[in-house]
A.B. asks: 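Have a look at the structure that comes next, please.
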There are 4 protein chains.
Amino acid sequence: MTQKTKRHNDPALAEARRNQVLCAAADCFRRKGYHGAGMAEISKTAGMSAGHIYNYFASKEAIIESIVERDMEEMFSIFKEFADKPGDRVTVLLDGLDRGVERHTDLSQGALDLEMLAEAARNEKVANLLRESDSHARDSMRELLVGERGPLQGTALEEVNARIEVMFSVMGGLLLRKMLNPDLDINELLKALRPTMKTLLLPFE
Amino acid sequence: MTQKTKRHNDPALAEARRNQVLCAAADCFRRKGYHGAGMAEISKTAGMSAGHIYNYFASKEAIIESIVERDMEEMFSIFKEFADKPGDRVTVLLDGLDRGVERHTDLSQGALDLEMLAEAARNEKVANLLRESDSHARDSMRELLVGERGPLQGTALEEVNARIEVMFSVMGGLLLRKMLNPDLDINELLKALRPTMKTLLLPFE
Amino acid sequence: MTQKTKRHNDPALAEARRNQVLCAAADCFRRKGYHGAGMAEISKTAGMSAGHIYNYFASKEAIIESIVERDMEEMFSIFKEFADKPGDRVTVLLDGLDRGVERHTDLSQGALDLEMLAEAARNEKVANLLRESDSHARDSMRELLVGERGPLQGTALEEVNARIEVMFSVMGGLLLRKMLNPDLDINELLKALRPTMKTLLLPFE
Amino acid sequence: MTQKTKRHNDPALAEARRNQVLCAAADCFRRKGYHGAGMAEISKTAGMSAGHIYNYFASKEAIIESIVERDMEEMFSIFKEFADKPGDRVTVLLDGLDRGVERHTDLSQGALDLEMLAEAARNEKVANLLRESDSHARDSMRELLVGERGPLQGTALEEVNARIEVMFSVMGGLLLRKMLNPDLDINELLKALRPTMKTLLLPFE
DNA sequence: TATGAATGAGGCTTCATTCAT
DNA sequence: TATGAATGAAGCCTCATTCAT
């Protein structure tokens with residue numbers, strides 16, 4: 001797995017410490033960016049010495065990679081929830097829109113996402129993790145659309161994929177919107193977003 | 001201006017040198033990211049000594065700020081083109097979609113945009129420039145939509161603004177899509193994107 | 001003694017533990033050098049926690065000092081053997097040559113010796129131990145040469161000392177030879193070494 | 001070549017700076033050992049900032065490697081001198097003995113040599129350089145012995161090689177002697193060393 | 001006695017920036 | 001105007017050592 005560090009006798013403690021570091025690092029990266037945040041600051045935020053962090057992570061890079069992995073798992077669980085919800089898929093997805101917008105519109109989370117994306121441009125490992133994550137997400141979404149009770153069951157696969165791309169694009173783009181327009185009114189936005197998504201969720205015409 | 005540097009005897013030459021640096025830096029940032037590219041590499045790419053760059057830019061930060069400014073101007077001119085085009089606004093905008101997608105889908109340009117956005121999260125000056133640029137862009141778009149020959153002339157301003165946000169969100173999101181899914185098929189994408197945009201450009205229902 | 005550490009309730013166990021550490025450390029130093037081997041590795045090799053080692057040794061330096069002491073004792077016993085051997089001294093010494101060459105030609109032992117010598121150049125305590133050890137060795141050798149049955153009984157003391165220096169120099173130099181010329185053929189070497197030693201063991205002319 | 005560093009416009013200055021660093025580093029290594037001497041100390045000794053050193057050497061390791069290379073060249077020139085001297089080879093070599101002993105008996109040089117040898121035990125590059133150097137030295141010596149005017153022209157090659165090993169061993173061993181016996185009387189030593197060498201330089205019996 | 005989590009000083013190296021020329 | 005040698009602060013990381021348990 002991703003274990004390249006010392007074995008720990010007390011796995012629970014170790015996991016707790018890893019989390020301490022991960023949270024602290026995420027916090028620092030949000031505020032200063034990956035390159036702007038130093039191990040010194042991270043260690044202070046985590047309430048542990050800089051050296052000790054290296055008992056849990058092989059390097060600063062390994063930290064951001066773990067953050068990415070953690071985010072991936074979070075996203076998996078979100079799609080799982082969708083899949084488990086009963087009722088009409090279109091309704092379920094549209095109902096989930098509010099939460100999705102909120103998530104993609106949270107400035108501090110967005111800053112971290114952006115940081116990871118920017119890092120991906122020059123760190124192949126991070127890029128691959130993100131791509132893998134995205135691929136899973138597209139798979140999940142496709143299953144929702146063309147699987148059982150899916151609204152696009154008869155649609156050509158290429159078209160479904162394209163629709164997913166556009167949907168993901170809107171949502172992903174929200175990361176940027178809030179940053180570029182802090183006055184953004186989320187409620188108003190939803191009024192325009194909902195019809196847009198409906199267009200994408202139902203057969204054209 | 002953003003001039004914080006010494007006066008130059010030959011303003012034309014100075015401007016040429018500034019451009020040399022800007023292009024070189026943009027190139028390096030694209031390839032290595034803002035933090036990954038060093039002044040040494042930039043200076044080599046620009047064909048001038050590292051020290052000399054400081055006769056034109058106060059700091060490395062000032063360089064990326066100037067790059068942002070340059071990109072802003074580029075965008076202004078694009079919207080100007082739209083405004084100058086005769087004929088139906090919806091048609092004009094939909095016809096421009098291909099070029100827009102291409103622009104936002106170019107990986108190397110996208111890397112630079114991402115770099116600027118990530119930098120914005122921690123550099124207030126960059127953030128303000130980008131926001132100002134975005135504000136202008138929204139103004140221009142609004143004018144296209146509700147101004148003369150605009151398809152949304154009767155629509156409430158809040159709604160128009162919200163539609164713009166969604167439109168910008170899709171386009172901005174494309175930056176991420178190509179990075180997260182390198183196999184992205186742009187032609188297929190356009191087939192789903194066009195109806196989406198049409199939904200946003202015309203009154204609902 | 002060199003005891004600077006806490007009193008131990010069970011001296012026998014303590015001694016066993018000290019030996020465990022000494023052997024492990026010698027092993028690590030051979031493989032990685034004094035600076036290359038960390039306390040973590042030593043403790044793992046010794047089968048005991050890093051912290052616990054400090055109950056037996058005040059510091060990493062104290063460990064190498066103890067190793068030197070141990071080696072000294074080994075050498076004393078070797079000279080004792082020579083002294084106890086009956087028969088002609090020259091023959092005895094020449095017969096012991098094979099084993100001496102073997103010992104000084106063993107790469108892993110040589111690495112440790114070199115490590116100690118290099119350490120001596122900057123650790124006065126180590127230097128003194130080694131010098132003391134060498135002094136004893138010279139005394140022993142002198143006794144063999146000018147004492148009862150010694151081949152150089154009539155020779156001036158200064159000359160005897162000088163011969164000893166040269167003999168020790170050849171043997172010590174072997175440490176380097178094997179390292180600098182891994183292809184070194186020990187059997188051939190002995191053919192040239194034996195006449196050399198004979199020259200040094202018998203009156204000149 | 002060994003160039004992995006920035007190109008320099010003024011090669012003379014660059015060479016001077018490299019030498020500054022090399023001398024300073026050699027000095028520090030002598031006093032504190034390779035691992036004991038930090039870049040900070042080296043840079044202070046060299047009268048230049050730590051960062052600047054990296055314009056001339058890729059790493060601390062590269063520094064010691066260069067020192068080894070420098071020593072190699074020095075040794076080549078010594079053998080060259082021997083080869084160029086007219087007259088009887090045995091006489092020439094025995095006459096050169098004084099200088100050789102002096103060289104191998106210099107404590108500060110010896111400390112550095114020891115440092116390099118110890119480093120060789122764990123740095124393959126250093127080991128290879130030293131071995132290459134030693135191989136050249138043996139070649140040169142062999143040429144002196146069996147070449148034109150050589151005293152061992154008829155002798156079997158294996159035996160010649162073995163004699164060389166023993167000669168080199170004595171000389172190399174002197175490094176250790178001075179360190180282990182600071183009272184060593186060099187003049188007396190020479191009295192015993194000369195007959196020894198003569199034994200090795202002339203056919204046995 | 002024994003552990004190993006935790007510390008923190010110090011190591012090597014990078015890089016934006018300055019300045020004499 | 002232009003250079004690039006030089007600086008030095010700051011970065012990431014290692015490791016001998018300590019201490020609560």
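Atoms considered below: every heavy atom in the structure, side chains included; atoms not considered: hydrogens, waters and symmetry mates. Quick note on labels: first sequence line is chain A, next is B, and so on, each numbered from 1.
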A.B. asks: Need to verify one output field. Residue with the more 5' nearest nucleotide on DNA chain E, D/Gly38 or B/Glu61?
C.D. replies: D/Gly38
A.B. asks: With a 4.0 Å limit, can you tell me whether D/Arg7 has a side-chain N or O closer than that to the phosphate oxygens OP1/OP2 of F/dG4?
C.D. replies: no
A.B. asks: Between D/Arg70 and D/Asn19, is there a side-chain donor-acceptor contact under 3.5 Å, judged purely by atom types and distance?
C.D. replies: yes
A.B. asks: E/dT18 C1' sits how many Å from B/Met39 CE, rounded?
C.D. replies: 12 Å
A.B. asks: Rounded to the Å, how far apart are A/His52 NE2 and F/dC13 P?
C.D. replies: 16 Å
A.B. asks: What is the distance, to the nearest angstrom, from the CD1 atom on D/Ile64 to the P atom on E/dC12?
C.D. replies: 12 Å
A.B. asks: Can you tell which of E/dC12, F/dA16, E/dA6 lies closest to the side chain of D/Lys60?
C.D. replies: E/dC12
A.B. asks: Answer yes if the ring centres of A/Tyr56 and A/His8 are under 6.0 angstrom apart, and no otherwise.
C.D. replies: yes
A.B. asks: For C/Asp10 and D/Ala40, take the nucleotide of DNA chain E holding the closest heavy atom to each; which residue's nucleotide lies nearer the 5' end?
C.D. replies: C/Asp10
A.B. asks: Just the rounded figure in Å: distance from C1' of E/dG8 to NZ of A/Lys44.
C.D. replies: 15 Å
A.B. asks: In terms of side-chain geometry, is the basic nitrogen of B/Arg131 or B/Glu124 positioned less than 4.0 Å from the acidic oxygen of its partner?
C.D. replies: yes
A.B. asks: Reading DNA chain F from 5' onward, which residue's closest nucleotide shows up sooner: D/Asn55 or A/Ala37?
C.D. replies: D/Asn55
A.B. asks: Answer with base, sugar-phosphate or nothing: what part of the nucleic acid does D/Ser59 contact at a heavy-atom distance below 4.0 Å?
C.D. replies: sugar-phosphate
A.B. asks: Within a reach of under 6.0 Å around CG of C/Asn9, are more than 12 heavy atoms found that belong to other residues, nucleotides or ligands?
C.D. replies: no
A.B. asks: In this structure, how many angstroms lie between the P atom of F/dC15 and the CD1 atom of C/Ile63, rounded?
C.D. replies: 15 Å
A.B. asks: Expressed as a whole number of angstroms, how long is the span from A/Arg18:CZ to E/dA5:P?
C.D. replies: 14 Å
A.B. asks: Between F/dC12, F/dA6, F/dT18, spot the one nearest the side chain of C/Tyr54, thanks.
C.D. replies: F/dT18
A.B. asks: In this structure, how many angstroms lie between the P atom of E/dT14 and the NE2 atom of B/His35, rounded?
C.D. replies: 18 Å
A.B. asks: Under 4.0 Å between any heavy atoms, over every strand shown, what does A/Gly51 touch: base, sugar-phosphate, or nothing? Just pick one.
C.D. replies: base
A.B. asks: Does either side chain, that of B/Asn128 or that of B/Glu132, offer a donor lying less than 3.5 Å from an acceptor on the other one?
C.D. replies: no
A.B. asks: Identify the nucleotide, in any strand shown, that forms a Watson-Crick or G-U wobble pair with E/dT21, with both distances under 3.5 Å; if there is none, say none.
C.D. replies: F/dA2
A.B. asks: As a test of reading the structure: which of E/dT13, F/dT1, E/dA5 is closest to the side chain of B/Leu13, going by heavy atoms?
C.D. replies: F/dT1
A.B. asks: Does A/Tyr56 have a side-chain nitrogen or oxygen under 4.0 Å from the phosphate oxygens OP1 or OP2 of E/dA6?
C.D. replies: yes
A.B. asks: In whole angstrom, what separates D/Ile42's CD1 from E/dG10's C1'?
C.D. replies: 15 Å
A.B. asks: Using a strict cut-off of less than 4.0 Å between a Lys/Arg side-chain nitrogen and an Asp/Glu carboxylate oxygen, indicate whether C/Glu41 and C/Arg31 qualify as a salt bridge.
C.D. replies: yes
A.B. asks: To the side chain of D/Met48, which of E/dT17, E/dA6, F/dT7 is closest?
C.D. replies: F/dT7
A.B. asks: If you check the D/Asn9 side chain, which of E/dA6, E/dA16, F/dG4 turns out closest?
C.D. replies: F/dG4
